[in-house]
Asker: 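Can you read through this structure? Questions will come right after.
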Amino acid sequence: MAIKKITYILIFSLIALHALVFAEKAKIPESADFWSDYPAEELGGFLISKMTDEELLAQIFMFGWEGVEPSGHIKRWVSERGLGSVKVFGRNARNTEEVAKSVTALQRLSQTNRFRIPLYVATDQEGGWIRHIKGNTSDTPGNMAIGASGYPIDSYWSAYYISREISALGINMNFAPTVDVYSNRESTVIGPRSFSDNPEYVGELGSAFVAGSLAAGVIPTAKHFPGHGDTSLDSHGKLPEINIDMKTLEERELIPFKYLITENIPAIMSGHLSFPLILKNGEPASLSKTFLTELLRGKLGFRGLIITDDMMMNGATLFAGSMSKAFTLAIEAGNDIILSSYDTPLDEPLWDKNIELMKKDPEFKEKVRAAALRVVVSKLNYFKEKNAAPLYPDIAGLKSKIPDPDGEMFFLNQACRSITAHKKGAFPFVQKNERILLCGQNQFPDFFSEAEKRFSDCNYFKFDYNAGPNFIEWTEDNLPSLASNYDVIIFCVSDPSSARMVSCLKKLGKKVIILSVLTPVYVLDYDWADTILLGYSYSPYSFKALYGALCGDFEPRGTLPLR
């Protein structure tokens with residue numbers, strides 16, 4: 001162990017020395033800051049060499065905040081500590097103008113620090129199911145719909161238009177694409193966020209997504225390394241255990257990441273995922289030197305930023321025992337940016353204890369220094385490019401950019417290409433003058449509004465997404481009688497509860513059409529239905545496309561991206 005520790009100290013000392021040599025060669029003046037005109041490696045080395053322990057540590061932290069406007073805590077982290085990055089969550093994004101104002105306020109604070117290093121501003125705008133920035137942004141069909149369309153260029157343009165919208169808000173980093181392979185059909189946290197269960201196909205579509213993001217000036221971040229697709233558990237609640245060996249991991253979950261590393265993906269998110277057949281101590285990959293330093297950096301050759309998934313998730317903190325210890329383990333494992341969904345008081349133990357450790361442990365300090373150097377050099381390369389997202393977004397011009405005017409037509413066309421006829425009845429699937437009962441979720445108003453544009457004689461049976469057992473039982477007792485008065489029942493299935501409810505119509509003797517949104521796995525064996533169309537999303541574009549297919553506007557040609 002002593003030899004290993006000495007080796008780590010030597011490695012990170014060489015990194016620091018390399019940076020200092022660059023700074024000396026460039027003869028950078030003491031007054032230089034982030035915006036001084038020097039090569040990124042040289043200027044980055046200079047800035048790191050001048051930083052205090054506190055400035056180094058702050059540069060590798062990323063925090064969110066409570067409420068719409070940035071909190072007093074997050075502002076102090078930026079102005080007093082020199083916080084390196086922030087993340088915009090759905091709770092902060094009531095409308096796009098407020099998001100732009102928040103980004104502007106925080107970036108202005110970042111420019112009051114002595115090195116004037118701007119913030120990375122991140123969000124989760126995957127498309128489809130996961131869309132943290134709402135307001136006027138495009139509600140897109142999502143990854144599985146892209147997989148169903150069969151065109152990698154759809155992945156490119158989806159990322160491009162999504163990224164162009166968030167870039168207009170000053171958001172410069174997106175935690176997308178999700179390149180988890182849909183290995184486990186019971187997965188409730190990944191589902192339609194995955195492109196496919198085919199690792200090579202996921203890698204191909206993920207690479208196209210990365211290219212589209214970069215073309216629009218936003219840094220993509222592939223997730224969740226080394227792969228979240230083979231578990232039905234959500235790491236927000238507990239630490240998922242994925243019982244596969246290294247051979248399976250390499251031949252399946254790692255394939256998409258290998259594609260993206262070859263394409264020089266700039267950032268990868270580490271997942272709170274345990275692989276007990278690979279690491280018997282049960283540590284999550286996000287806190288593991290084996291997974292991050294030895295596998296991701298060493299064996300796979302990744303040179304970009306490694307960013308943790310949210311450290312507020314129980315999957316990380318339960319293993320570590322405390323938030324401060326989880327942060328320490330994340331740094332030691334090789335992460336460059338440590339993400340917490342909420343900001344903390346300035347005297348939080350996660351800060352004090354890690355600063356204390358930096359002063360006591362040279363190896364730990366060099367880990368922090370190396371991570372901070374990667375972050376700063378990455379920022380220098382990004383922010384000095386003409387394509388970078390603006391520090392101070394043009395708030396007055398947002399309405400002309402969001403939703404993206406070019407993206408709107410694309411997303412509708414892409415939704416149409418994705419629609420999959422899993423079971424075909426007579427085409428067109430709905431005839432004129434048929435009496436129609438629409439059964440769908442209150443949370444999906446477009447399911448009803450798009451029908452109203454098409455059908456003059458229809459009625460409604462509405463229920464909540466993820467309905468409870470009492471309502472399901474009531475529906476099973478009462479819906480068949482109600483439905484018997486109609487010629488056609490069009491039922492929206494999105495989850496296990498709605499899949500169970502539609503089953504009560506199995507022996508009714510009426511035409512039943514199922515419109516599947518989100519993951520289609522709940523209806524794949526419902527051969528008793530007359531027609532099953534897969535839309536993969538509750539996006540307005542997807543519902544418009546589903547009804548277009550129902551009424552014969554086009555013949556659905558999408559392919560189920562699950563084998």
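Starting from 1, each residue takes its place in the sequence as its number. Please read these numbers as outputs of a predicted model, since none were measured by experiment.
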Asker: If every non-hydrogen atom of Glu66 is compared with every non-hydrogen atom of Asn92, which pair is closest and at what distance?
Answerer: C-ND2, 4.2 Å
Asker: Quick check, are the ring centers of Phe410 and Tyr160 under 6.0 angstrom apart?
Answerer: no
Asker: Testing the basics here: between Ser138 and Glu165, what is the closest heavy-atom pair and its distance to 0.1 Å?
Answerer: OG-OE2, 2.6 Å
Asker: Measuring only between side-chain heavy atoms, which start at C-beta, is Phe302 closer than 4.5 Å to Ile265?
Answerer: yes
Asker: Do Val88 and His132 come within less than 4.5 Å of each other through their side chains, counting heavy atoms only?
Answerer: no
Asker: Looking at every non-hydrogen atom in both residues, tell me the closest pair between Ile146 and Ser149 and how far apart they are.
Answerer: O-OG, 2.8 Å
Asker: Going by heavy atoms in the side chains, are Leu437 and Leu479 under 4.5 Å from each other?
Answerer: yes
Asker: Ion pair present between Glu250 and Lys299, side-chain N to carboxylate O less than 4.0 angstrom?
Answerer: yes
Asker: Check this for me: does any side-chain nitrogen of one of Arg454 and Glu450 sit under 4.0 Å from a carboxylate oxygen of the other?
Answerer: no
Asker: Are Tyr182 and Tyr201 an aromatic pair by the rule of ring centers under 6.0 Å?
Answerer: no
Asker: Under the criterion side-chain hydrogen bond (donor to acceptor under 3.5 Å, both in side chains), I'd like the reasoning laid out for Tyr465 against Ser498: C-alpha separation, chi angles, the key distance, then a yes or no.
Answerer: CA-CA 8 Å; Tyr465 175 79; Ser498 54; over 6 Å; no
Asker: For Ser286 versus Leu292, what's the shortest heavy-atom pair and its separation?
Answerer: O-CD1, 3.6 Å
Asker: Using the six-membered ring of Tyr547, assess whether NZ or CZ of Lys453 lies under 6.0 Å from its centre and within 45 degrees of the ring axis.
Answerer: no
Asker: Here's a test for you: under side-chain contact (heavy atoms from CB on, under 4.5 Å), which of Ile162, Ile166, Thr123 qualifies with Val218?
Answerer: Ile166
Asker: In the structure I gave you, are the side-chain heavy atoms of Arg500 and Thr475 within less than 4.5 Å of one another anywhere?
Answerer: no
Asker: Could you go step by step and tell me if Lys289 and Glu283 meet the salt bridge (charged side-chain N to carboxylate O under 4.0 Å, His left out) rule?
Answerer: CA-CA 10 Å; Lys289 292 179 184 177; Glu283 68 183 1; over 6 Å; no
Asker: I'd like to check the ring pair (Phe, Tyr, Trp, His ring centres under 6.0 Å) partners of Phe175; sequence neighbours left out, ordered by chain and number.
Answerer: none
Asker: Are the side chains of Phe257 and Val179 in touch, meaning some heavy atoms are under 4.5 Å apart?
Answerer: yes
Asker: Run the salt-bridge test on Lys544 and Asp553 with the 4.0 Å N-O cut-off and return the result as yes or no.
Answerer: no
Asker: Using the side-chain contact (heavy atoms from CB on, under 4.5 Å) rule, take Phe63 and Lys87 through it: C-alpha gap first, then chi angles, then the decisive distance, then the call.
Answerer: CA-CA 6 Å; Phe63 288 151; Lys87 185 184 176 189; over 6 Å; no
Asker: Relative to the ring of Phe225, is the ring of Phe291 parallel (under 30°), tilted (30 to 60°) or perpendicular (over 60°)?
Answerer: perpendicular
Asker: Please evaluate residues Ser207 and Glu263 with respect to the criterion side-chain hydrogen bond (donor to acceptor under 3.5 Å, both in side chains), reporting the C-alpha separation (whole Å), side-chain torsions for both, the decisive distance (0.1 Å), and the verdict.
Answerer: CA-CA 7 Å; Ser207 296; Glu263 297 296 325; 5.1 Å; no
